[in-house]
Protein chains: 2
Amino acid sequence: MKLKDQNTESIILESARLIFMDKGLYGARMQDIANQAGINKALLHYYFRNKERLFDEVFGGALSKYFQKMDIISDESIPILERVLTYSERFVGFLSEYPQMSIFLIKEISSNQALFHIKVQGIKKNKKYSLLSLMSQGIETGEIPTLDPVIFLINLHSLCAYPFVAAPIFNAICQNSGIQWSDEKHQKLLYSIHEFIRFKLSKHPL
Amino acid sequence: MKLKDQNTESIILESARLIFMDKGLYGARMQDIANQAGINKALLHYYFRNKERLFDEVFGGALSKYFQKMDIISDESIPILERVLTYSERFVGFLSEYPQMSIFLIKEISSNQALFHIKVQGIKKNKKYSLLSLMSQGIETGEIPTLDPVIFLINLHSLCAYPFVAAPIFNAICQNSGIQWSDEKHQKLLYSIHEFIRFKLSKHPL
DNA sequence: ACTTTTGTTAACCATTTGGTTAAACCATGA
DNA sequence: TCATGGTTTAACCAAATGGTTAACAAAAGT
């Protein structure tokens, strides 16, 4: 019975992920999730006592998956510039795979900062470096030029994430101008982000 | 009676703006809006037949206010570089005034592209230039270097808007690192955006 | 004054929705 | 085989919520 148990639970989680990603905590209906999973609504409450617990599971899963993927930052065998370049690639790659992730996180964080804070604290405890601490260190040792790490982090995350967050807007704008979004555009976007990173982190002459 | 009428209506609209901005179309409760406006729930339906119509009003208002403010792009007496710099300033200024606007638009656009498309078409009809057409023109005349206008637009909007969209995330990150967000940081952010624009639109040697 | 129109409210209604219950199902071990 | 305990379901419930109604209040028109 363990097998079937495990299976149903993961089916529910994956279904919940789909629905929650799309509709958010309040937009999602338990019935939708049950339908998606092909089960009865009451079974959801059997496995996860209530909506919030189910959501917590999905939310926490998303967060830890993200931090896991982004942990390239901790690999001390790679120069900082390289690490940040890879970081941006993985970030974009992650969002290509889960395009709704950013907007999902933002939506839910903005309506429940407390939960987010707790979850992040829990996950980050194991991690040696954040992008911020890495940059501070790099500035100290002179490996990268002096700059405000917070501003750089915000700029970088903006360049990577916003195209996905605001995809509906950009699609509308492009559509309006008869422009097609293509793999080539996608590559160009990544290239422009790399260009930005190099511009900021390389020591270029005034 | 015209006076009182006008007054109540605008009170309702402003209240609805507040609530909708905060909770979104589905998160907002008619009762909340009524409370905020200090009136009976039925009165909402008297002025705006139903939730969607009320929302449309708020949504349309937000959009047209935005486009109005951003129309600096059409002032042909100013060099393109200057126009884009001002554009970014106004964009950030607008979002400082209405921090929830971006996330609000994204949320609602992503769940109702059609409405957005219609509204934008209506507003844009009067406008001569978009940022895109301006850039294309500048590239043709050689006023600015050759670059992909769409990528530039996405980069620029990302740098300006995402800090507001993802404010909860960045706050959490900063809080986590004991960093305070200040006016100085705000200025630095704007400066880094200008730096980006100059980097892209000035003819710099290889 | 009084009638009509506009503005406002309390009470109510139908539907949706998260959650519960009691019974049925089914694999397993005694 | 049948008792046991985890799994699943249909039916149900209470609260929330968008929307309606009918009656009342207040101006405006006559």
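Here is how names work: the chains are called A, B, and so on, in the same order as the sequence lines, proteins then strands, and each is numbered from 1.
A close approach under 4.0 Å does occur between a side-chain nitrogen or oxygen of B/Thr8 and OP1 or OP2 of C/dT8.
Regarding A/Lys51, its NZ atom lies at a distance of 8 Å from the P atom of C/dG19, rounded to whole Å. Taking atom CZ on B/Phe55 and atom P on D/dG19, their separation rounds to 14 Å, with Å as the unit. The distance from atom CG of A/Leu43 to atom C1' of C/dC25 is 13 Å, rounded to the nearest whole Å. Here the P atom of nucleotide C/dT9 and the CG atom of B/Leu44 are 10 Å apart, to the nearest Å. Look at CZ on A/Arg29: it is 8 Å from C1' on C/dT16, rounded to the nearest Å. Summarising the geometry, the separation between CZ on A/Arg53 and P on C/dT20 is reported as 11 Å, rounded to the nearest angstrom. Between the C1' atom of D/dA10 and the OH atom of A/Tyr46 lies a distance of 17 Å, rounded to the nearest Å. Atoms CD (A/Glu52) and P (C/dT17) sit 17 Å apart, rounded to a whole Å.
For a distance-only test at 3.5 Å, the side chain of B/Lys41 qualifies as a donor-acceptor partner of the base of D/dG19.
The nucleotide whose nearest atom lies closest to any side-chain atom of B/Ala42 is, among C/dG18, C/dT9, C/dT21, C/dT9. Of the candidate nucleotides C/dG19, C/dT8, D/dT7, D/dT7 has the atom nearest to the side chain of A/Tyr47. Residue A/His45 has its side chain nearest to C/dG18 when only C/dG18, D/dT9, C/dT8 are considered. Side-chain proximity of B/Asn40 to the nucleotides D/dG19, C/dT21, C/dA10 is greatest for C/dA10.
Side-chain contact of A/Asp183 with A/Gln187: a donor-acceptor pair under 3.5 Å is absent, judged by distance alone.
Note on A/Asn50: only backbone sugar-phosphate atoms sit closer than 4.0 angstrom, heavy atoms only; bases stay farther off. Nucleic acid contact class of B/Ala34 (heavy atoms, under 4.0 Å, all strands): none.
Considering only heavy atoms from C-beta on, B/Gln100 stays 4.5 Å or farther from B/Asp22 through its side chain. At least one side-chain heavy atom of A/Leu201 sits under 4.5 Å from a side-chain heavy atom of A/Leu147.
The aromatic ring centroids of A/Tyr162 and A/Phe170 lie less than 6.0 Å from each other.
A/Lys200 places no side-chain N or O within donor-acceptor distance of the main-chain N or O of A/Glu195, the cut-off being under 3.5 Å.
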